[in-house]
Student: 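Handing you this structure, nothing more for now.
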Amino acid sequence: MNDNTDTSDTGNNNSGTSLNFIEQFIQEDISNGKNNGRVHTRFPPEPNGYLHIGHAKAICLDFGSAEKFGGKCNLRFDDTNPTKEETEYVESIREDIHWLGFDWEDREFFASDYFDRLYDFAVDLINRELAYVDDQTSEQIAGQKGTPTRQGEESPFRKRSKEENLDLFRRMNEGEFPEGSRVLRAKIDMSSPNMHMRDPVIYRIIKRAHHRTGNKWNVYPMYDFAHGQSDYFEGITHSLCTLEFEVHRPLYDWLVDRLRTDEYRPRQIEFNRLNLTYTVMSKRKLQELVEEKLVNGWDDPRMPTLSGLRRRGYTSESIRNFIKRIGYTKFEAINDFALLEHAVREDLNIKVSRVFAVLDPVRLIITNYPEGMVEEMEIINNPEDESMGKRKVPFSRELFIERDDFMEDPPKKFFRLGPDREVRLKGAYIVKCTGYKKDETTGRLEEIYCEYDPETRSGGPAANRKVKGTLHWVSAPHAVDAEVRLYDRLFNDEDPAGRKDHDFKEFLNPDSLNVLNGCKLEPSLADVKVLDKFQFQRLGYFCADKDSKQGKPVFNRTVPLRDTWSKVIKK
RNA sequence: UGCUUCGUGGUGUAACUGGCAACACGUCUGACUCUGGAUCAGAAGAGUCCAGGUUCGAGCCCUGGCGAAGCAACCA
C-alpha cells in the first residue's frame, strides 16, 4: 500500500530515463495502490512460428517494464488452436527469448494449462444465461453479425434454455457433433457498435490432437475467451499487446469482470507494433517466403526473425538497444532499417577484432622482397579496446589485395593503388606500384608489381611517412580460402507489404544474396567457431556461418562499414 | 458513412502536464587518422494536419473540420 507519501511524482524520476506512456500508466497504478502496487506482466506468443524482431519489441516491453518496477514477467504459450501449433516452435521461442537476455524463471505457462478452468467458466456463463450454443453455420452467423456500419440481428438459438445449452455443450466436448456444426457464444449485445461484442464465439469444435493435451478435448476456447482469463489466473496486472487488440478490450473486460471474485483485475494496454523499412513483419508473409523457397528457411540471414538476425551476426545487445531507441507509442510507425544497422555497428565496433580478409583477390608481388622470407607482423586487434591485445600476421613476397583497390587510370580522389602510386599495407610496409600484368584476351588484371621500402615498416625509422591510402592484405602462401555471403535488403521497396494491389513478393530484391567464393583470409581465421564475429578491415562486420567446415570457413556479412568512398564515386 | 485509436524535421521518439520545440538515426561540411572505418567539431532540416476559440502565453486545453489505421476469422 503506498499512499502518496513521496512516490507521487508522475514524471521521469525512475532510474533516470523517461517513461513511455505504458510505464507511466503502470507508475500511476502503483501510486494509486492498485493491485497492492504489484506489477506482473506476461509475454504470450502463439507457438505457430518463429519469433521475429517485432516480437523482440514486445518481449523487451513485457520483461523490461516488469524489471523496471520490481515485478515479474511470465512466459505463456497461447496454444488454444491445435490446428496451428507445434512443439518445435515452443523450443525455438524459448531459445530466442533467452538469447535476447530475458528469463521467466519457473513461470512458464500454457493457455492449455487452463482448459479445465476455462471450460468450467464457460459452463458457469451458461448457467448464468450469459452463453448459448448456436447450431448455425459460420456463414449464417457471419451474416447475422452485421457490418461495422450495420447492426447485427439475434440468433434464433439465443433463447435456448440453460438446460439444453448445458447438455449440448457437454456433448460438443464429448465429440458427438462434427466440426463446424455448433459453437458456444457469449450473450452480449448484437446491436453493439463494437463488432467484438456481438455475441462472440467463445468455443468451437476441433477434432485434432493438441500438442499438449492430446485428444482430451473436442472443444477449444477462442483467443478472446482464453487471454484475459489466463491473465487473471496468473495474477497478471498489466497485459500489454499491440494496437489491433484495442477493439477487443471491452470484451476482455466483460469476460474478466464476470470471472473475477475480488478487486484485482488485469489491465490491457495496447502499443504500436514494430515495422521496419525494406522488410515484412507478418508471420504469414514470412512463412510464405520460407515455403516458396524465396529464402533459405526461417533463419535465413536476410529474414527479420531473431534466428535469422542472430545468424546474420546481430548481437542481442544491439537489438535491445535498437528497440530502446524506437520507443512505444500509439502511432503506427515505420522504422528506418538504418537505425538497426547503426545499432549493430555501434556494438560490434567495441567488441570485435579487426582482421584481414580479401573478398575479391588479385595478386600483388613485391619484386624487391626476398623470396621465401616471411615476417610476422604485429597487428592490434581492436584500437577501440587495448585489452583485446595484438596478434601476428604473416607477411611475404606475394600477397592478395582487393581488386578494386587498384585502378589503372584512377580518378582524382582515388587514394588507393595505381601506376607509380604509393600506399601503405596496413601494419606492414609502404609499397610503390611499378607495373602490372593483364590477361591479353580478357583484359582482366592478373598481377600487380610493387617495390617496398624496408625503412617504412610499421614502427620502423621511416614509418611516419604520409601516404594517402592504407590497404588490407593477406599473404598468398598463408591464405585460407573461404566462402563469403554478402547480403543486401530483402526488398527494394521501403514498405513492400503496404502497397495495395501489389503482392509484396513483387518487390523482392533479386540481389539480396551474393555468394563469393575464393575469398582469402588471414590464417588466424582457419578454424573459427559458428557465430564468431569479426570486423574485416575496411569492409564490414562478418559472422561465421553454421555452414563452415574445418579449414573452410563460411562468413556472413552482417553489415558493411560506413563507406563514404562509395558515395563519392556515385556522384 | 458506425465504433475505437492516432496525426510533432526525411525517419523514429521527447517536451518536467500551458513557458523560446529537444534527442537519436539519416543527410551534408570540416578536423584527425597506418581502416575513405572509428572518433571529434559543426551545419542544414519541423514551427507541431487545417481553421477557429480560451489564455499574457497553446504541440499540450476547448470547438469544428481534414487525413490515416484497426474492427465484419469457428485465427491469434
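Quick note: numbers below take in every heavy atom, side chains included, and nothing from hydrogens, waters or symmetry partners. Chain letters run A, B, ... following the sequence lines, proteins first, then strands; residues in each count from 1.
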Student: Select base, sugar-phosphate, or nothing to describe what A:Ile350 touches, counting heavy atoms under 4.0 Å on all strands.
Tutor: nothing
Student: Step through it carefully: locate the ring centre of A:Phe542, locate the ring centre of A:Phe536, and say whether they are under 6.0 Å apart.
Tutor: yes
Student: Could you tell me whether A:Glu246 and A:Lys330 make a salt bridge, using a distance below 4.0 angstrom between a side-chain N and a carboxylate O?
Tutor: yes
Student: Given the C1' atoms of B:A31 and B:G36, what is the spacing between them in whole Å?
Tutor: 15 Å
Student: Under 3.5 Å, is there an N or O donor on one side and an acceptor on the other linking the side chain of A:His196 and the base of B:A73?
Tutor: no
Student: Please say which of A:Tyr114, A:Phe115, A:Phe109 ends up in a ring pair (Phe, Tyr, Trp, His ring centres under 6.0 Å) with A:Phe233.
Tutor: A:Tyr114
Student: Could you list all N or O pairs between the protein and nucleotides 3-9 of chain B that sit under 3.5 Å apart?
Tutor:
none

Student: Taking atom C1' in both B:G59 and B:C20, compute the distance separating them and give it to the nearest angstrom.
Tutor: 14 Å
Student: Which whole-number value in Å describes the distance from A:Leu251 CG to B:C71 P?
Tutor: 15 Å
Student: Separation of A:Asp79 atom CG from B:C75 atom P, in whole Å?
Tutor: 15 Å
Student: Over all strands shown, is A:Thr329 touching base, sugar-phosphate only, or nothing at heavy-atom distances under 4.0 angstrom?
Tutor: sugar-phosphate
Student: Take atom C1' in B:C60 and the same atom in B:A14, then report the distance between them in whole Å.
Tutor: 13 Å
Student: Considering every strand and a 4.0 Å limit on heavy-atom distances, what is the contact class for A:Val183: base, sugar-phosphate, or nothing?
Tutor: base
Student: Please state the P separation for the pair B:A21 and B:U4 - nearest whole angstrom.
Tutor: 35 Å
Student: Quick check on RNA chain B: between A:Glu179 and A:Arg424, whose nearest nucleotide comes earlier from the 5' end?
Tutor: A:Arg424
Student: Can you tell me, in whole Å, how much space there is between the P of B:C23 and that of B:A41?
Tutor: 13 Å
Student: Provide the distance between the two P atoms, one in B:C49 and one in B:A38, to the nearest whole Å.
Tutor: 35 Å
Student: Evaluate whether atom CZ of A:Arg273 has more than 12 neighbouring non-hydrogen atoms of other residues, nucleotides or ligands under 6.0 angstrom away.
Tutor: no
Student: Hunt down the Watson-Crick or G-U wobble partner of B:G2, both distances under 3.5 Å, from any strand shown, or write none.
Tutor: B:C71
Student: My understanding is that a pair needs two contacts under 3.5 Å, Watson-Crick or G-U wobble. By that rule, which nucleotide pairs with B:A31?
Tutor: B:U39
Student: Before accepting this row, confirm whether a basic side-chain N of the pair A:Glu234/A:Arg76 lies closer than 4.0 Å to the acidic partner's carboxylate O.
Tutor: yes
Student: Counting any heavy atom closer than 4.0 Å, what does A:Gln136 reach on the DNA or RNA strands: base, sugar-phosphate only, or nothing?
Tutor: base
Student: Assign A:Asn272 to base, sugar-phosphate, or nothing according to its heavy-atom contacts below 4.0 angstrom with the strands shown.
Tutor: sugar-phosphate
Student: A cation-pi test, strictly: NZ or CZ of A:Lys285 under 6.0 Å from the centre of the six-membered ring of A:Phe504 and no more than 45 degrees from its axis. Yes or no?
Tutor: yes
Student: Sort out the partner of B:G9 for me: Watson-Crick or G-U wobble, both distances under 3.5 Å, none otherwise.
Tutor: none
Student: Mind calculating the distance between CD1 (A:Ile206) and C1' (B:A73) to the nearest angstrom?
Tutor: 12 Å
Student: Can you measure A:Gln27 atom CD to B:U17 atom C1' for me and round it to whole angstrom units?
Tutor: 15 Å
Student: Under 4.0 Å, counting only non-hydrogen atoms across every strand here, what does A:Gly143 touch: a base, just sugar-phosphate, or nothing?
Tutor: nothing
Student: Give A:Thr80 one of three labels, base, sugar-phosphate or nothing, depending on what nucleic acid heavy atoms sit under 4.0 Å from its own.
Tutor: sugar-phosphate
Student: Let me spell it out: for each of A:Thr149 and A:Ile334, pick the nucleotide of RNA chain B with the closest heavy atom. Which residue's pick is nearer the 5' end?
Tutor: A:Thr149
Student: CG of A:Asp135 versus P of B:C74: gap in Å, rounded?
Tutor: 16 Å
Student: Considering the options A:Tyr223, A:Tyr252, A:Phe271, which one meets the ring pair (Phe, Tyr, Trp, His ring centres under 6.0 Å) requirement together with A:Phe245?
Tutor: A:Tyr223
Student: A:Asn20 CG to B:C16 P: how many Å, rounded?
Tutor: 15 Å
Student: Using only side-chain N and O atoms of A:Lys145, determine if any of them is under 4.0 Å from OP1 or OP2 of B:A73.
Tutor: no
Student: Below 3.5 Å between N/O atoms, which protein atoms pair up with nucleotides 35-38 of chain B? Just atom names and distances, please.
Tutor:
{"unit_1": "B:U35", "atom_1": "N1", "unit_2": "A:Gln537", "atom_2": "OE1", "d": "3.2"}
{"unit_1": "B:U35", "atom_1": "O2", "unit_2": "A:Gln535", "atom_2": "OE1", "d": "3.2"}
{"unit_1": "B:U35", "atom_1": "O2", "unit_2": "A:Arg538", "atom_2": "N", "d": "2.6"}
{"unit_1": "B:U35", "atom_1": "N3", "unit_2": "A:Gln535", "atom_2": "OE1", "d": "2.5"}
{"unit_1": "B:U35", "atom_1": "N3", "unit_2": "A:Gln537", "atom_2": "OE1", "d": "3.4"}
{"unit_1": "B:U35", "atom_1": "O4", "unit_2": "A:Arg354", "atom_2": "NE", "d": "3.4"}
{"unit_1": "B:U35", "atom_1": "O4", "unit_2": "A:Arg354", "atom_2": "NH1", "d": "2.3"}
{"unit_1": "B:G36", "atom_1": "OP1", "unit_2": "A:Arg538", "atom_2": "NH1", "d": "3.0"}
{"unit_1": "B:G36", "atom_1": "O3'", "unit_2": "A:Thr564", "atom_2": "OG1", "d": "3.3"}
{"unit_1": "B:G36", "atom_1": "O2'", "unit_2": "A:Thr564", "atom_2": "OG1", "d": "3.4"}
{"unit_1": "B:G36", "atom_1": "N7", "unit_2": "A:Arg416", "atom_2": "NH1", "d": "3.0"}
{"unit_1": "B:G36", "atom_1": "O6", "unit_2": "A:Phe415", "atom_2": "N", "d": "2.8"}
{"unit_1": "B:G36", "atom_1": "N1", "unit_2": "A:Lys413", "atom_2": "O", "d": "2.8"}
{"unit_1": "B:G36", "atom_1": "N2", "unit_2": "A:Lys413", "atom_2": "O", "d": "3.4"}
{"unit_1": "B:G37", "atom_1": "OP1", "unit_2": "A:Thr564", "atom_2": "OG1", "d": "3.3"}
{"unit_1": "B:G37", "atom_1": "N2", "unit_2": "A:Arg354", "atom_2": "NH1", "d": "3.1"}
{"unit_1": "B:G37", "atom_1": "N2", "unit_2": "A:Glu384", "atom_2": "OE2", "d": "3.4"}
{"unit_1": "B:A38", "atom_1": "O2'", "unit_2": "A:Asn349", "atom_2": "ND2", "d": "3.2"}
{"unit_1": "B:A38", "atom_1": "O2'", "unit_2": "A:Glu384", "atom_2": "OE1", "d": "3.3"}
{"unit_1": "B:A38", "atom_1": "O2'", "unit_2": "A:Glu384", "atom_2": "OE2", "d": "2.8"}

Student: A:Asp495 has an atom CG; how far is it from atom C1' of B:A69, in whole Å?
Tutor: 13 Å
Student: Write down the distance between CG (A:Asp405) and P (B:C34), rounded to a whole number of angstrom.
Tutor: 18 Å
Student: Would the A:Tyr203 and A:Phe225 ring centres measure less than 6.0 Å apart?
Tutor: yes
Student: Do A:Arg416 and A:Glu402 meet the salt-bridge criterion of a basic N to acidic O distance under 4.0 Å?
Tutor: no
Student: Suppose we define a pair by two distances each less than 3.5 Å, Watson-Crick or G-U wobble; what does B:A51 pair with here?
Tutor: B:U63
Student: Syn or anti for B:U13, please, going by whether the chi angle lies within 90° of 0.
Tutor: anti
Student: Would A:Lys533 and A:Glu317 pass as an ion pair if we require N to O under 4.0 Å?
Tutor: no
Student: Determine if the base of B:G57 is syn or anti; take syn to mean the glycosidic torsion is within 90° of 0.
Tutor: anti
Student: Between B:U54 and B:U63, how far apart are the two C1' atoms, rounded to whole Å?
Tutor: 11 Å
Student: Could you tell me whether the phosphate oxygens of B:A76, OP1 or OP2, come under 4.0 Å of any side-chain nitrogen or oxygen in A:Lys84?
Tutor: no
Student: Categorize A:His227 for me: base, sugar-phosphate, or nothing, with a 4.0 angstrom heavy-atom threshold over every strand shown.
Tutor: nothing
Student: Base, sugar-phosphate alone, or nothing: which one does A:Phe245 contact when heavy atoms must sit under 4.0 Å apart?
Tutor: base
Student: Reckon A:Arg273 has a side-chain N or O less than 4.0 Å from the OP1 or OP2 of B:A69?
Tutor: no
Student: Please state the C1' separation for the pair B:U8 and B:C74 - nearest whole angstrom.
Tutor: 44 Å
Student: Write down the partner of B:G57 under the Watson-Crick or G-U wobble criteria, each distance required to be under 3.5 Å.
Tutor: none
Student: Kindly confirm or rule out a cation-pi arrangement of A:Arg212 over A:Phe110, judged by NZ or CZ under 6.0 Å from the six-membered ring centre and within 45° of its axis?
Tutor: yes
Student: One thing to verify: whether A:Glu455 and A:Arg465 come together as a salt bridge, which I'm taking to mean a side-chain N less than 4.0 angstrom from a carboxylate O.
Tutor: no
Student: What about A:Trp473 and A:Phe395, are their ring centers closer than 6.0 Å?
Tutor: yes
